[in-house]
Amino acid sequence: MPDPARIVIDTDPGQDDAVAILTALASPEFEVLGITAVAGNVPLELTARNARIVCELAGREDVPVFAGARQPLRRPLVTAEHVHGRTGLDGPDLPDPTMALDGRPAVSWLIDTLRAEPKGSITICALGPLTNLALALLKAPDIAARIGRIVLMGGAYFEVGNITPAAEFNIYVDPEAAQVVFRSGIPLTVLPLDVTHKALVTRARNDAFRALGSPAGVAVAQMTDFFERFDLEKYGSDGAPLHDPCVIAWLLAPDLFSGREINVEIETLSELTRGMTVADWWRVTDRRPNALFVGDVDADGLFDLLTDRLSRF
């Protein structure tokens with residue numbers, strides 16, 4: 001078996017973030033160097049707390065968790081308690097974490113880690129607003145050449161927005177940070193709403209999580225039970241989209257997904273379309289491609305993969 005891929009998870013948990021983190025921690029293909037929390041779905045105090053709760057649920061107190069940005073680069077913080085509940089992990093009754101936060105600031109740790117590791121050897125899995133990554137790139141531009149790839153959940157094209165008519169939540173919260181990342185020259189894989197809205201937690205798929213019988217499996221089922229109440233009413237679909245695990249699944253099984261290399265720009269100026277990912281899907285401009293923009297997924301294969309990984313706890 002090849003050496004595990006070295007990854008950093010940048011996240012704002014969130015129930016779907018929690019499923020993504022659990023999947024990564026259950027996968028021997030990965031060495032998770034650390035988890036950097038950012039404000040997003042809920043404020044930073046809660047996202048940093050939730051990341052540690054998930055590590056303990058996985059029995060992985062060895063993975064360090066760092067607190068990052070409390071607010072976007074230039075704008076007031078927008079959160080999503082209306083989706084994720086007051087704590088961000090509403091649903092299961094999980095105990096407060098006993099593991100401590102690592103005392104180093106997330107951005108400083110990220111810069112130091114990237115500078116110390118071989119060029120291109122670390123993949124960043126970005127599950128929330130991109131504030132931490134943008135701050136690191138602005139403070140230390142040299143690290144861009146050291147990141148192998150950023151795989152992120154964010155944006156939309158055909159599915160349009162989920163927080164405004166034009167914008168997906170993660171990009172909308174900090175569009176200036178997203179602009180820094182998308183213009184960085186770092187290889188990007190983007191998992192937008194176009195693909196995550198095809199990854200629906202149907203009743204049968206959620207029952208498969210619950211049937212695992214483990215604390216992690218039952219907690220995941222309870223998490224998705226909670227947040228699907230919002231999406232089922234909003235979209236009228238057969239289940240709630242499970243967004244962030246698509247990031248980890250793409251790294252594990254990219255053949256489950258399809259997309260194309262295109263140019264993606266971030267709208268920062270317009271109040272009407274702030275945070276829009278202007279994706280040149282049809283390649284009608286001469287702008288240079290900067291991202292693999294994923295558009296489709298084998299949903300059955302995705303949930304088989306997630307259930308298999310969660311079964312390992």
Side-chain angles (χ1 to χ4, degrees), residues 4-70 84-85 87-110 112-113 122-129 132-133 151 153 209 212 214-224 226-227 242-249 251-252 306-313:
R6 297 161 68 77
I7 68 172
V8 171
I9 301 175
D10 188 63
T11 181
D12 62 337
Q15 291 92 346
D16 56 326
D17 305 70
V19 181
I21 294 168
L22 288 169
T23 303
L25 294 177
S27 297
E29 293 91 341
F30 300 131
E31 179 185 355
V32 182
L33 301 181
I35 297 173
T36 51
V38 66
N41 285 323
V42 286
L44 180 66
E45 289 78 10
L46 289 172
T47 61
R49 168 186 177 270
N50 292 347
R52 289 176 288 150
I53 287 174
V54 176
C55 287
E56 292 188 357
L57 182 61
R60 291 296 305 276
E61 293 87 346
D62 59 301
V63 177
V65 176
F66 306 86
R70 294 182 178 276
H84 297 280
T87 69
L89 284 185
D90 283 19
D93 184 15
L94 296 172
D96 288 333
T98 58
M99 64 181 285
L101 277 172
D102 192 292
R104 291 168 287 179
V107 172
S108 298
W109 173 80
L110 187 59
D112 292 344
T113 299
I122 295 178
T123 297
I124 308 294
C125 301
L127 312 181
N132 285 341
L133 299 184
V151 185
M153 190 277 130
F209 292 150
L212 295 174
S214 64
V218 172
V220 165
Q222 292 171 336
M223 289 178 198
T224 54
F226 178 85
F227 79 80
L242 197 59
H243 305 284
D244 293 325
C246 289
V247 167
I248 306 301
L251 284 167
L252 288 170
L306 297 178
T307 304
D308 170 73
R309 296 311 162 106
L310 293 173
S311 75
R312 301 182 182 193
F313 290 116

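- Under the side chain to side chain donor-acceptor pair (under 3.5 Å) criterion, Ser27 pairs with Arg309, not counting sequence neighbours.
- Taking each heavy atom of Ala24 and Ile7 in turn, the nearest pair found is CB-CD1, 4.2 Å.
- Not counting sequence neighbours, the partners of Arg6 by the salt bridge (charged side-chain N to carboxylate O under 4.0 Å, His left out) test are Glu31, Glu117.
- In this structure, the side chain of Asp244 does not engage the main chain of Ala18 through any donor-acceptor pair within 3.5 Å.
- Every ring-ring contact (aromatic ring centres under 6.0 Å, His included) that Phe66 has, sequence neighbours left out, goes to Trp109.
- No side-chain heavy atom of Ile9 sits under 4.5 Å from any side-chain heavy atom of Val63.
- Residues forming a salt bridge (charged side-chain N to carboxylate O under 4.0 Å, His left out) with Glu61 (at least two apart in sequence, or on another chain): none.
- Between Val42 and Gly85, the shortest heavy-atom contact is CG1-O, 4.0 Å.
- A distance of 11.5 Å separates CG in Asn50 from CG in Leu57, rounded to the nearest 0.5 Å.
- Among residues two or more places apart in sequence or in another chain, the salt bridge (charged side-chain N to carboxylate O under 4.0 Å, His left out) test is passed with Asp308 by Arg312.
- Using a distance-only test at 3.5 Å, with no hydrogens or angles considered, a donor-acceptor pair links the side chain of Gln15 to the main chain of His84.
- Taking CG of Leu101 as the start and CD1 of Ile35 as the end, the distance is 11.0 Å to the nearest 0.5 Å.
- Every pair tested for ring pair (Phe, Tyr, Trp, His ring centres under 6.0 Å) that includes a residue from residues 18-59 fails, sequence neighbours excluded, so the list is empty.
- Between Leu306 and the options Thr23, Val220, Leu22, a side chain to side chain contact (heavy atoms under 4.5 Å, CB included) holds for only Thr23.
- Residue pairs that meet the salt bridge (Lys or Arg N to Asp or Glu O under 4.0 Å) test with at least one member in residues 90-102, sequence neighbours left out, are Arg49-Asp96, Asp102-Arg104.
- Separation of atoms OG1 (Thr11) and CG (Asn132) is listed at 10.0 Å; rounding is to 0.5 Å.
- Checked by atom type and distance alone, the side chain of Glu56 pairs as donor or acceptor with a backbone atom of Thr98 at under 3.5 Å.
- The heavy-atom pair separating Leu89 from Gly14 by the smallest distance is CD2-O, 3.6 Å.
- Take Ala39 and apply the side-chain contact (heavy atoms from CB on, under 4.5 Å) test, not counting sequence neighbours, and it matches Leu44, Leu77.
- For Gln222, there are no side chain to side chain donor-acceptor pair (under 3.5 Å) partners, not counting sequence neighbours.
- Remark: Phe313 CZ to Leu212 CG distance equals 10.5 Å, nearest 0.5 Å.
- Pairs passing the salt bridge (Lys or Arg N to Asp or Glu O under 4.0 Å) check and including a residue from residues 14-26, sequence neighbours excluded, do not occur.
- Panel note: side chain Asp12, backbone Asn41; a donor-acceptor pair is recorded below 3.5 Å.
- Here Arg60 pairs with Asp62 under the salt bridge (charged side-chain N to carboxylate O under 4.0 Å, His left out) rule; sequence neighbours left out.
- In terms of heavy-atom proximity, Pro28 sits nearest to Pro4 at O-CB, 3.5 Å.
- Applying side chain to side chain contact (heavy atoms under 4.5 Å, CB included) to Met223 and the options Leu242, Leu94, Val218 leaves one that passes, Leu94.
- Scanning for side chain to side chain donor-acceptor pair (under 3.5 Å) contacts around Thr36 gives Asp10, with sequence neighbours left out.
- Listed here is the closest heavy atom pair of Pro129 and Gly40: CG-CA, 3.9 Å.
- Across Ile53 and Pro95, no two heavy atoms sit closer than the pair CG1-O, 3.7 Å.
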